[in-house]
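Notes for the one structure printed next.
We count ligands from 1, going down the list as the structure has it; atoms in each ligand are counted the same way. Residue numbers start at 1 and run along the sequence shown.
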Amino acid sequence: MAHPPLSTLFKVVALLNDGTIHTGTDIAKALGLSRTAIWKVVQRLKKYSIDISTQHQGYQLKSSLLLLDKKRIEDLIKDPNVMVEVVESLPSTNDYLRDKSSFRNLHFCLAEHQSKGRGRLGREWSSPFGRNIYCSFTYSFNRNIDEISGLSLIIGLFVVKALESLYPELHPRLKWPNDIYVNNKKMGGILIDIMAEAHGHCRAVIGIGLNINMKEETLENVEHSWTSLEHELTLKGDRNVIVAHIIRSILNGLEIFLDQGMTPFLPDWAQYDVLAGKRVSVNTAAKITTGIARGIDSHGYLLLELSSGEIKKFSCGDASLLKE
Ligand code: BTN
């Protein structure tokens with residue numbers, strides 16, 4: 001079924017955000033639409049589990065919804081090279097950008113909802129409507145794939161730095177390779193799809209998922225130990241401000257990464273590393289290895305000290321903290 005244009009849902013929410021009851025006729029009149037169009041939007045909001053009551057007097061939102069706002073984000077970023085697109089729902093923001101090679105560099109796509117959000121290693125990424133950040137952007141590098149092996153790690157670092165600058169009391173951390181951790185629980189992650197192109201060029205789609213205003217009940221259904229900004233700090237985060245900070249942090253950092261690679265970021269990464277000095281197990285497709293994590297190298301590889309004293313390097317895998 002074709003959806004009415006995105007802005008309709010956003011405009012209906014803006015009207016209902018005052019918390020009072022609005023009749024379908026009033027909303028339709030205010031937005032120059034039919035009552036059926038408004039009814040359809042309300043049904044969509046209900047499908048997204050938004051608490052909206054429909055009585056014979058009209059519609060009422062139980063609590064206000066601060067949705068993503070392209071203009072606000074662009075005004076906060078103030079960079080003409082950045083294009084921001086806000087979409088109501090997509091299967092996955094990474095897939096959307098990956099499948100369209102016509103998007104130019106620094107095209108940021110943000111969705112309010114993902115129906116097939118992807119995590120690393122083929123996992124699903126839970127993406128309820130209007131609560132979190134699901135953001136992907138395109139970037140073309142005039143580098144071979146192996147020259148940008150640390151990309152997902154430094155993007156994690158830029159995200160953590162942006163979060164810390166807004167919420168110093170959050171104490172966000174990094175878990176190799178690209179998890180955002182708070183209080184030993186996962187708050188977000190990075191997923192990068194890299195497409196090799198001819199003559200040492202490659203195009204990357206960089207996806208960032210962050211749990212912001214995710215409710216506890218929703219978190220309980222997730223397999224791992226998860227958390228969100230709201231859960232940690234008991235406050236509702238303004239996703240527009242958070243996204244703008246993250247984008248700014250990425251823009252500043254990427255330039256340095258392209259110039260100098262991972263090396264300038266290693267001391268910073270070490271400062272946020274939750275695994276360093278801890279006993280961990282690293283799970284790769286081939287086997288599980290245990291040892292003491294000793295940070296990362298300039299390629300972004302995890303260094304693991306085995307019981308023999310040998311340092312083993314891992315380019316990929318899943319790392320878990322072991323009980324001491
Ligand atoms: C992980 O497994 O830790 C990575 C999660 C990445 C999720 C984000 S949400 C935006 C983008 N679109 C997707 O389908 N996945 C990434």
- Item | Sub-4.5 Å side-chain heavy-atom contact between Trp176 and Tyr301 | no
- Specify side chain, backbone, both or neither for Asp179, according to which of its non-hydrogen atoms lie closer than 4.0 Å to ligand 1. side chain
- Task: Heavy-atom contacts with Thr93 under 4.0 Å: which atoms of ligand 1 show up? List them by number with element.
- Result: 10 (C), 11 (C), 12 (N)
- Item | Ligand-residue contact atoms, ligand 1 with Cys135, heavy atoms, under 4.0 Å | 10 (C)
- Check each atom of ligand 1 against the heavy atoms of Gly117 and keep those under 4.0 Å away; list them by number with element. 14 (O)
- Task: Using a 4.0 Å heavy-atom threshold (strictly under), name the region of Arg123 that reaches ligand 1: side chain, backbone, both or neither.
- Result: neither
- Task: For residues Leu110 and Thr93, determine if any side-chain heavy atom of one lies less than 4.5 Å from a side-chain heavy atom of the other.
- Result: no
- Taken to the nearest 0.5 Å, the spacing of Asn144 CG from Ile194 CD1 works out to 11.0 Å
- Distance from atom 2 (O) of ligand 1 to nearest protein heavy atom, with residue and atom: Arg120 N, 2.6 Å
- So, are Glu88 and Arg44 salt-bridged, with charged N and O less than 4.0 Å apart? yes
- Query: What protein heavy atom sits nearest atom 8 (C) of ligand 1, and how far off is it?
  - Reply: Gly209 N, 3.6 Å
- Report the part of Asp95 (side chain from C-beta onward, or backbone N, CA, C, O) that has a heavy atom under 4.0 Å from ligand 1; answer both or neither where that applies. neither
- Task: Before signing off on this row, confirm whether Lys186 and ligand 1 have an N or O atom pair separated by under 3.5 Å.
- Result: yes
- Query: Considering Gln114, Arg98, Glu124, which one's heavy-atom position lies nearest to atom 13 (C) of ligand 1?
  - Reply: Gln114
- Report yes if some heavy atom in the side chain of Asp95 is under 4.5 Å from a heavy atom in the side chain of Lys116; otherwise report no. no
- Query: Quick one: are Ile155 and Phe257 in side-chain contact, heavy atoms under 4.5 Å?
  - Reply: no
- Message: In terms of relative ring orientation, are His113 and Tyr48 parallel, tilted or perpendicular, with 30° and 60° separating the classes?
- Response: tilted
- Give me the ring orientation class for Tyr139 and Phe141: parallel if the planes are under 30° apart, tilted from 30 to 60°, perpendicular past 60°. tilted
- Short list, please: which atoms of ligand 1 are under 4.0 Å from a heavy atom of Ile190? 4 (C)
- What is the nearest protein non-hydrogen atom to atom 16 (C) of ligand 1, stated with its residue, atom name and distance? Arg118 O, 3.8 Å
